[in-house]
Amino acid sequence: MIYSDAHCHLAPGAQNPEIACRIYNSAHVADWAVAVDISERDDDKNFATVGIHPWYIADADPGFESMMIDILTAHPNMMVGEIGLDKFHPDMPRQIEIFNKQLEIATSFRRPIHLHCVGAWDKILHIFRERGEKMPPAVVAHGFNGDAGQIQMLADKYNMYFSYSAAHDDDKAIARISATPKNRILVETDTFESIDEIPELDSAINVIAALYGRDTEEIAEQIYQNLQRVISYVRPID
Ligand SMILES: [Zn+2]
């Protein structure tokens with residue numbers, strides 16, 4: 001089985017070396033130095049992002065944009081994340097402001113974004129619509145919890161990928177996974193800890209394989225290939 005983790009965080013220590021590809025997401029400015037270290041390994045397996053999560057917008061001091069620009073300039077293999085909106089966290093106007101700034105930077109550097117959206121899909125889609133063609137090359141909707149009926153549109157219009165974890169096994173999640181095209185689906189742990197990711201990735205893959213009526217190895221390979229397409233924007237295939 002080939003395992004890939006589309007969304008995890010910067011855990012101390014090593015994680016399972018058998019993971020063929022993983023994307024470490026920054027949550028706040030304090031993560032960026034570690035994210036840069038991971039990117040500088042340039043091992044073709046571990047990728048990282050710079051960004052400010054909507055829970056940590058208090059970190060967004062006035063210097064954050066130029067810092068982010070410097071890091072992206074120096075590291076063409078880095079993406080932007082974890083960015084987005086969360087209705088259960090304070091100060092939505094400020095969240096929108098910080099999200100817009102990061103979206104603009106990702107667009108100008110042509111880097112995929114890793115999106116956190118909780119209860120704010122209407123706002124996110126409004127922002128995307130207003131931007132027209134000025135969008136990043138791909139969007140990874142991590143822990144996707146939006147409307148299953150919009151999945152195809154989001155994939156077509158915004159080159160969106162949909163990432164699910166082992167926790168996504170209730171009826172609504174099942175409807176979303178079933179509506180997600182096979183070439184758009186990803187799995188993630190979203191872990192902040194140094195764990196063995198394989199059991200968690202396995203349960204997510206099992207749910208998806210059962211829904212698609214395919215075997216787990218085929219689905220794991222498909223998921224890996226999907227993540228490679230996201231990464232192809234920061235690691236051009238020669
Ligand atoms: Zn996360």
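All ligand and atom numbering here is 1-based and tracks the order in the structure.
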Arg22-Asn46 side chain donor-acceptor pair, cut-off 3.5 Å: yes

Residues Asn25 and His9: side-chain donor-acceptor under 3.5 angstrom: no

Considering only N, O or S atoms of Asp190, the one closest to the Zn ion (ligand 1): OD1

Positive for side-chain contact (heavy atoms from CB on, under 4.5 Å) with Phe162, one of Arg184, Arg176, His142: Arg184

For the Zn ion (ligand 1): the N/O/S atom of His7 at shortest distance: NE2

Angular separation of His9 NE2 and Glu82 OE1 about the Zn ion (ligand 1), given to 10°: 90°

Tyr24/Phe47 aromatic ring centres below 6.0 Å: no

